[in-house]
Amino acid sequence: MANIWKKLLSVNKKNPQLQMKLIPTFSFSSSIHYSRPQCLIMTGAPNARPALLHLVHAFTKNVGLMICGHVHMGPRRQAMKELSTDLAKYQRWLIKNKMKAFYAPVHAEDLRDGGQYLMQAAGLGRMRPNTLVVGFKKNWRQGDMRDVETYINLFHDAFDIQYGVVVIRLKEGLDISHLQGQEELLSSQEKSPCTKDVIVKVDYSKKAETDTSIAFAQSSSERTHTLHKEEDEDGKTPTQPLLKKDSKSPSSPLNLADQRLLDASTQFQKKQGKSNIDVWWLFDDGGLTLLIPYLLTTKKKWKDCKIRVFIGGKINRIDHDRRAMATLLSKFRIDFSDIMVLGDINTKPKKENIAAFEEMIEPFRLHEDDKEQEVADKMKEDEPWRITDNELELYKTKTYRQIRLNELLKEHSSTANIIVMSLPVARKGAVSSALYMAWLEALSKDLPPILLVRGNHQSVLTFYS
């Protein structure tokens with residue numbers, strides 16, 4: 001096996017893409033087998049969300065597959081021209097930035113259709129994605145709720161096709177596409193030790209969408225053009241030029257939110273130092289929640305990070321559950337620094353946090369008990385994302401659980417480099433999109449970078465005794 005492995009890696013050394021294709025099909029141990037995550041990332045334009053791209057690349061480089069999905073919407077003729085130019089442009093960009101990834105653009109009527117096309121057709125043979133990666137839709141409360149419905153249905157479609165799902169959230173946001181010239185800015189900050197002036201243009205002609213990882217195109221695919229409107233329609237888009245000093249400069253024309261967004265977008269390109277990767281393993285979904293942190297720690301930038309594992313348990317069985325978990329991790333040869341069993345995971349959350357959640361969902365409630373039956377039915381049919389009184393009461397325990405978990409996360413993991421946590425799943429057709437988004441919001445708000453992970457229930461960690 002060793003000789004075969006060496007021969008495979010020596011094939012066409014000038015073609016790293018070919019080497020990447022060969023690697024995921026083999027295990028590295030005779031007794032322990034780790035499946036490799038093969039990810040379809042809904043990035044839109046790859047350079048629009050560098051934090052999303054670099055984080056996923058950290059655990060797929062050399063051992064897995066990464067495909068950057070971009071859904072073009074709008075008039076077909078115009079979109080098809082963009083597809084051909086973007087395919088060459090962004091594949092070159094990935095190679096230039098040493099990203100072992102493929103760029104896959106498609107044209108579709110809406111994001112859900114485009115996501116389905118990519119999940120069903122992307123890849124070839126064993127080089128097919130098995131995990132859908134999206135960014136958290138941070139602006140869901142201010143945007144069109146039909147977009148939220150589409151976003152949540154993308155999760156359900158992924159589970160139907162036997163995909164795992166990973167939702168990545170940074171509190172600063174992911175999308176930097178509204179900052180024209182952001183690539184020059186980031187490269188100057190990384191490469192130049194001295195102060196350097198860079199022209200940055202912030203597009204104020206459209207509402208900045210710094211909060212979602214998926215390229216929702218506006219009508220006639222306006223948003224899809226945001227990244228390259230500068231070069232295609234020079235002088236036609238009203239933009240305000242800003243003189244941006246390097247981060248060492250005492251003054252900065254960028255507003256504080258944009259500056260934080262730029263800083264956050266490069267955080268996974270740096271060495272992570274001696275910190276913690278906190279794993280909150282609350283459901284057995286095949287082991288993807290454990291596999292991703294393990295793969296991260298095998299990389300040079302993350303090798304000094306320690307894995308801490310948090311699991312739920314009963315107060316009178318804490319020692320037993322800790323020993324059982326330690327034995328399991330040892331069998332899979334996953335190094336860990338600590339295991340914490342949380343016996344108070346189902347405790348009722350604080351009153352002020354419950355009140356804040358109720359205030360958050362108030363605009364999205366149906367309040368059918370206060371309306372005539374016919375009016376309520378018509379409203380629910382036209383706006384299926386609305387939260388019914390019956391639904392809210394039925395899932396009160398699960399709602400409280402998300403709020404309580406956020407309290408525990410702030411208590412135990414507020415200083416972690418990154419948190420990897422089991423993604424709560426809503427039953428398709430039973431839980432409204434607004435309530436499910438409210439759960440994800442309540443669970444992940446005001447935290448370090450967090451990955452909400454749900455595997456496809458196929459084992460990715462196998463131990464041969």
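Values below: all heavy atoms of this structure, side chains included; hydrogens, waters and symmetry mates excluded. All residue numbers in this chain count up from 1 along the given sequence.
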- Message: Counting C-beta onward and ignoring hydrogens, is there a side-chain heavy-atom pair between Lys100 and Met66 closer than 4.5 Å?
- Response: no
- Message: Glu441 and side-chain hydrogen bond (donor to acceptor under 3.5 Å, both in side chains): which single residue from Arg169, Gln402, Lys137 fits?
- Response: Arg169
- Message: When you compare the side chain of Leu170 with that of Phe268, does any pair of heavy atoms fall below 4.5 Å?
- Response: yes
- Query: Any side-chain heavy-atom pair from Met325 and Trp281 closer than 4.5 angstrom?
  - Reply: yes
Show me, pair by pair, the donor-acceptor contacts under 3.5 angstrom made by side chains of residues 418-428, not counting sequence neighbours?
from	atom 1	to	atom 2	distance (Å)
Ser422	OG	Leu282	N	3.0
Ser422	OG	Phe283	N	3.4
Lys428	NZ	Asp160	OD2	3.0

- Item | Heavy-atom donor-acceptor pair, Asn139 side chain to Gln142 backbone, under 3.5 Å | no
- Pro46 backbone acceptor or donor facing His70 side chain under 3.5 Å: no
- Please lay out, stage by stage, how Phe59 and Cys39 fare under the test side chain to side chain contact (heavy atoms under 4.5 Å, CB included). CA-CA 10 Å; Phe59 60 81; Cys39 298; 3.9 Å; yes
- Query: Can Trp93 and Asn97 be said to form a side chain to side chain contact (heavy atoms under 4.5 Å, CB included), step by step?
  - Reply: CA-CA 6 Å; Trp93 184 90; Asn97 287 272; 3.2 Å; yes
- Out of curiosity, Thr298 OG1 to Lys61 NZ, how far, rounded to the nearest 0.5 Å? 11.0 Å
- For Val431, does its backbone N or O pair with a side-chain atom of Tyr436 as donor and acceptor, under 3.5 Å? no
- Can any side-chain N or O of His54 pair as donor or acceptor with the backbone N or O of Met99 at less than 3.5 Å? no
- Message: Using a 6.0 Å cut-off, check whether atom NZ of Lys96 has over 12 heavy atoms from anything other than its own residue.
- Response: no
- Judged by atom type as modelled, is there a donor-acceptor pair below 3.5 Å linking the side chain of Asn406 to the main-chain atoms of Ala442? yes
- Query: Donor-acceptor pair, Arg49 side chain versus Thr43 backbone, under 3.5 Å?
  - Reply: yes
- Min side-chain heavy-atom separation Leu405-Ile345 under 4.5 Å: yes
- For the atom pair CD1 (Ile292) and CG (Leu288), what is the distance rounded to the nearest 0.5 Å? 4.0 Å
- Gly115 and Leu154 have their tightest heavy-atom pair at CA-CD1, 3.9 Å
- Query: Counting heavy atoms not belonging to Lys81, are there more than 12 under 6.0 Å from its NZ?
  - Reply: no
- Query: Would you call Lys138 and Asp175 a salt bridge, taking side-chain N to carboxylate O under 4.0 Å as the test?
  - Reply: no
- Task: Locate the shortest heavy-atom distance separating Val167 from Phe155; write the atom from each residue and the value.
- Result: CG2-CZ, 3.6 Å
- Query: Under 3.5 Å, is there a donor-acceptor pair between the side chain of Gln78 and the main chain of Arg76?
  - Reply: no
- Item | Gln267 versus Pro449, closest heavy-atom pair with distance | OE1-CG, 3.6 Å
- Task: Please name the pair of heavy atoms, one in Pro448 and one in Ser413, separated by the smallest distance, quoted to 0.1 Å.
- Result: CG-O, 3.5 Å
- Worked verdict on Lys410 versus Leu447 for side chain to side chain contact (heavy atoms under 4.5 Å, CB included): CA-CA 7 Å; Lys410 288 177 179 176; Leu447 292 169; 3.8 Å; yes
- Query: Within the side chain of Asn417, is there an N or O that forms a donor-acceptor pair under 3.5 Å with the backbone of Cys305?
  - Reply: no
- Note on the structure: Distance col, row Arg454:CZ vs Phe159:CZ, nearest 0.5 angstrom, shows 6.5 Å
- Query: In Å, rounded to the nearest 0.5 Å, how long is the span from CG of Leu328 to CD1 of Ile334?
  - Reply: 7.5 Å
- Given salt bridge (Lys or Arg N to Asp or Glu O under 4.0 Å), test Arg146 with Asp144 step by step and report yes or no. CA-CA 5 Å; Arg146 288 174 295 184; Asp144 189 338; 2.8 Å; yes
- Backbone of Tyr103 reached by a side-chain donor or acceptor of Gln91 within 3.5 Å: yes
- Task: Just jot down the ring-ring contact (aromatic ring centres under 6.0 Å, His included) partners of His412, sequence neighbours excluded, or say none.
- Result: Phe310
- Verify side chain to side chain contact (heavy atoms under 4.5 Å, CB included) between Tyr151 and Val134, making sure each step is shown before the conclusion. CA-CA 9 Å; Tyr151 178 79; Val134 300; 3.9 Å; yes
- Main-chain N/O of Arg126 paired with Gln38 side-chain donor or acceptor, under 3.5 Å: yes
- Item | Neighbour count >12 (heavy atoms, 6.0 Å) for atom NZ, Lys299 | yes
- In Å and rounded to the nearest 0.5 Å, what is the CG to OG distance from Leu53 to Ser265? 11.5 Å
- Message: Are Phe364 and Leu435 packed together at the side-chain level, in the sense that at least one heavy-atom pair is separated by less than 4.5 angstrom?
- Response: no
- In this structure, are over 12 heavy atoms from other groups packed under 6.0 Å from Glu109 atom CD? no
- Message: Hydrogens and angles aside, do Asp263 and Gln259 bring a side-chain donor and acceptor to less than 3.5 Å of each other?
- Response: yes
- Close side-chain approach of Thr297 and Asp335, heavy atoms under 4.5 Å: no
- Leu291 side, atom CG; Thr131 side, atom OG1 - distance, nearest 0.5 Å: 9.0 Å
- Query: Quick one: does Val133's side chain get under 4.5 Å of Leu55's, heavy atoms only?
  - Reply: no
- Message: For a quick test of reading the model, state the closest non-hydrogen atom pair linking Leu174 to Leu52 and the distance between them.
- Response: CD2-N, 4.1 Å
- Take Asp338 and Lys306 through the test salt bridge (Lys or Arg N to Asp or Glu O under 4.0 Å) and record every step on the way to the result. CA-CA 9 Å; Asp338 195 10; Lys306 303 296 184 182; over 6 Å; no
- Task: Can you see which heavy atom on Leu261 is nearest to which on Gly173, and at what distance?
- Result: CD1-O, 3.5 Å
- Message: Just so I know, are the side chains of Asp113 and Tyr117 near enough to count as touching, which here means a heavy-atom distance under 4.5 Å?
- Response: yes
- Message: Tell me whether the count of non-hydrogen atoms from other residues, nucleotides or ligands lying under 6.0 Å of CZ in Arg128 goes above 12.
- Response: yes
